[in-house]
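Chain A is the first sequence line, chain B the second, and so forth, proteins listed ahead of strands; every chain is numbered from 1.
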Amino acid sequence: MDPIVRFAPSPTGFLHIGGVHTALFNWLYARHEGGEFRLRIENTDTGREVAEATEQIQESLRWLGLDWDGEVTFQLDRMEHCRAEAQRLVEEGTAYEDEGAIRMRMPNEGSTAWDDLIRGRIEYPNDKLEDVVLVRADGRPTYNFASPVEDWLDGITHVLRGDDHISNTPKQIQILEALGAPLPQYGHLNQILGEDGKKLSKRHGATSAEEFRAQGYIPEALVNFLALLGWSYDGETTVMSREELVERFTLDRVGSSPAVFDFKKLEWLNGLYLRELPPDDYADRLLTYLREQGFEWDEEIVRRSVPLVQEKIATLGEYPGFAGFLFGDVEPDPELLDARVLEEAERTLTETEPFTTEGIEEALRSLSEQLELKPREAFQPIRVAVTGSKVSPGLFESIELLGREPTLERIRRGRAAAA
RNA sequence: GCCCCCAUCGACUAGCGGUCCAGGUCACGGCCCUUUCAAGGCCGUAGCGCGGGUUCGAAUCCCGCUGGGGGCACCA
């Protein structure tokens, strides 16, 4: 039987990276096994629901390429069904009314156990199980009731979720058994922690898929990175495409210990994926990114700048700071300028023919020789005057792309500022 | 407090009793390349939490401890 799994976020805000991790593992499992991956919004807590969240979660999943099967379902839509099931339990005597709410009687002896897909056998003493509320006094089912009922309704065969749900599992198993429903198999994924070993939160940096997107990370990198948090193929292979991940993903290689989110490694992976992109693709993504971030820069120049930046930046977010000089004035630090060098550079570049990367390089190299300066000594003031920074794309390419007049203009201004 | 889960380099991990004086990747350090910054190449530092067992033999199995995390809601 093909597995049916689900990702069931609650719409309380942006999709948290931990949620992405859970969604990814479910998705990889479903795709690898040829099963189904469903998306269900757990919105029984109407009080905490954020209006935009439902759409944002879907948008994030689409961006990441985690496509789901069938229609998105909403927990609240199944409210009536849940109520009816709860009523049935009351009639059968396994549940009872308590101040308007319906609670289920939990056993006090023995233990509830299951063979966790990734942790092996877990036993939970029943005397620690409280009589869980199935339906609130206002008629809305609780998460711990609606969730298993829906898993049953949807024919979910495998529940893969964060290990913070371990203590909910015995309750849900008891509920399903009382209902006479089949049990899915449960697997509890490892938690993702911040650098300090605490649960990943705001103060560690970006925590939502949206934030990573805004910082210029691309889905391939994020997916590859997250897959490696709690799963490995052979311990040696690090870089894997989405297809390779799907092909290689198996539950028996999923680990159970918590993993610290390593932003540096993500950045490295992102840079790697960015560098491997075909230039046209890179340009398209960069353009889309810049537009999303509110930069309305000339498309042609952005495209032509791709070869200058692709090897150099690890996130798209670095582009404005790195190549922004191509689109607007710069404010160089006068301390880093050098009037004599700039005067000679202006003279040289006025006459340079052809005004191409090669021509410019040749001209400036002979300039540095004339001035008896090391290349770096001669080029740095020019770089600063032209790009406004000590760090920039290749100088000659940058000058060619900027154009002769704008370059000369900046050098003139640099001379004035230096003097 | 009670219950549950987890435990290999700073980080992610490989290792499922001998082939491990523990391998890969990021980070870090050094060197090379070099117009800056990256990228790239080469080299290197660094780890089985502790204590008991089991066994001819343990990072690998068992127990305890310690440490970390999670849960104990009419939140999800």
When you measure from the side chain of [X] to the backbone of [Y], do you find a donor-acceptor pair of N or O atoms at a distance under 3.5 Å?
{"X": "A:Arg410", "Y": "A:Ala385", "answer": "no"}
{"X": "A:Asn270", "Y": "A:Ala314", "answer": "yes"}
{"X": "A:Ser208", "Y": "A:Glu211", "answer": "yes"}
{"X": "A:Asp127", "Y": "A:Asn108", "answer": "no"}

What interatomic distance, in whole Å, is found between [atom1] of [M] and the corresponding atom of [N]?
{"N": "B:U45", "M": "B:C61", "atom1": "C1'", "result": "33 Å"}
{"N": "B:G51", "M": "B:G67", "atom1": "C1'", "result": "15 Å"}
{"N": "B:U66", "M": "B:C20", "atom1": "P", "result": "36 Å"}
{"N": "B:G10", "M": "B:C65", "atom1": "P", "result": "26 Å"}
{"N": "B:C12", "M": "B:G30", "atom1": "P", "result": "25 Å"}
{"N": "B:G15", "M": "B:C48", "atom1": "C1'", "result": "10 Å"}
{"N": "B:A27", "M": "B:A46", "atom1": "C1'", "result": "11 Å"}
{"N": "B:C6", "M": "B:U54", "atom1": "P", "result": "26 Å"}

Salt bridge check: are [X] and [Y] linked by an N-O gap of less than 4.0 Å?
{"X": "A:Asp131", "Y": "A:Arg105", "value": "no"}
{"X": "A:Arg304", "Y": "A:Glu400", "value": "no"}
{"X": "A:Glu85", "Y": "A:Arg78", "value": "no"}

State the pairing partner of [N]; accept Watson-Crick or G-U wobble contacts with both distances under 3.5 Å, and report none otherwise.
{"N": "B:U36", "value": "none"}
{"N": "B:C20", "value": "none"}
{"N": "B:G44", "value": "B:C28"}
{"N": "B:U54", "value": "none"}

What's the [atom1]-[atom2] distance between [X] and [N], to the nearest Å?
{"X": "A:Leu189", "N": "B:C6", "atom1": "CG", "atom2": "P", "value": "13 Å"}
{"X": "A:Trp114", "N": "B:C4", "atom1": "CH2", "atom2": "C1'", "value": "8 Å"}
{"X": "A:Leu364", "N": "B:U34", "atom1": "CG", "atom2": "P", "value": "18 Å"}
{"X": "A:Arg383", "N": "B:U34", "atom1": "CZ", "atom2": "P", "value": "15 Å"}
{"X": "A:Tyr319", "N": "B:C37", "atom1": "OH", "atom2": "C1'", "value": "16 Å"}
{"X": "A:Arg376", "N": "B:C37", "atom1": "CZ", "atom2": "C1'", "value": "11 Å"}
{"X": "A:Ile192", "N": "B:A11", "atom1": "CD1", "atom2": "P", "value": "16 Å"}
{"X": "A:Phe325", "N": "B:U36", "atom1": "CZ", "atom2": "P", "value": "16 Å"}

Open item on the list: Contact between A:Gln87 and A:Ile102 at the side-chain level, heavy atoms closer than 4.5 Å - yes or no?
Closed with: yes
TODO: Determine, for nucleotides 21-31 of chain B in 5'-to-3' order, which nucleotides have protein heavy atoms under 4.0 Å from the base (write B), from only the sugar-phosphate (write S), or from neither (write -).
DONE: --BBBB-----
Open item on the list: At under 4.0 Å between heavy atoms, how does the protein contact nucleotides 64-76 of chain B? Give one character per nucleotide, 5' to 3', with B, S or -.
Closed with: -----SSSS-BBB
TODO: Would you mind telling me which residue lines up with the more 5' stretch of RNA chain B, A:Lys312 or A:Glu195, judged by nearest nucleotide?
DONE: A:Glu195
Open item on the list: On RNA chain B, does the nearest nucleotide to A:Ala314 precede the nearest nucleotide to A:Asn190 from the 5' side, or the other way round? Give the residue.
Closed with: A:Asn190
TODO: Establish, from distance only, whether the side-chain atoms of A:Tyr143 and A:Asn168 form a donor-acceptor pair under 3.5 Å.
DONE: no
Open item on the list: For A:Asp252 and A:Thr250, which I'm curious about, is there any donor-acceptor pair between the side chains at under 3.5 Å?
Closed with: yes
Between [X] and [Y], is the ring centroid distance below 6.0 Å?
{"X": "A:Phe327", "Y": "A:Trp297", "result": "yes"}
{"X": "A:Phe379", "Y": "A:Phe396", "result": "yes"}
{"X": "A:Trp68", "Y": "A:Phe7", "result": "no"}

At a cut-off of 3.5 Å, list every protein nitrogen or oxygen paired with a nitrogen or oxygen from nucleotides 45-49 of chain B, distance to 0.1 Å.
none

Under 4.0 angstrom, heavy atoms only, what part of the nucleic acid is [X] near: base, sugar-phosphate, or nothing?
{"X": "A:Gly230", "answer": "sugar-phosphate"}
{"X": "A:Phe225", "answer": "nothing"}
{"X": "A:Leu228", "answer": "sugar-phosphate"}

TODO: Output the distance between atom CD (A:Glu409) and atom CD (A:Glu346), rounded to the nearest 0.5 Å.
DONE: 9.5 Å
Open item on the list: If the cut-off is 4.0 Å, is A:Arg253 near the phosphate of B:U13, judged by side-chain N/O to OP1 or OP2?
Closed with: no
Open item on the list: Please determine whether a side-chain nitrogen or oxygen atom of A:Ser392 lies at a distance below 4.0 Å from atom OP1 or OP2 of B:U36.
Closed with: no
TODO: Looking only at side-chain atoms of A:Ser256, point me to the closest of B:C6, B:U35, B:U13.
DONE: B:C6
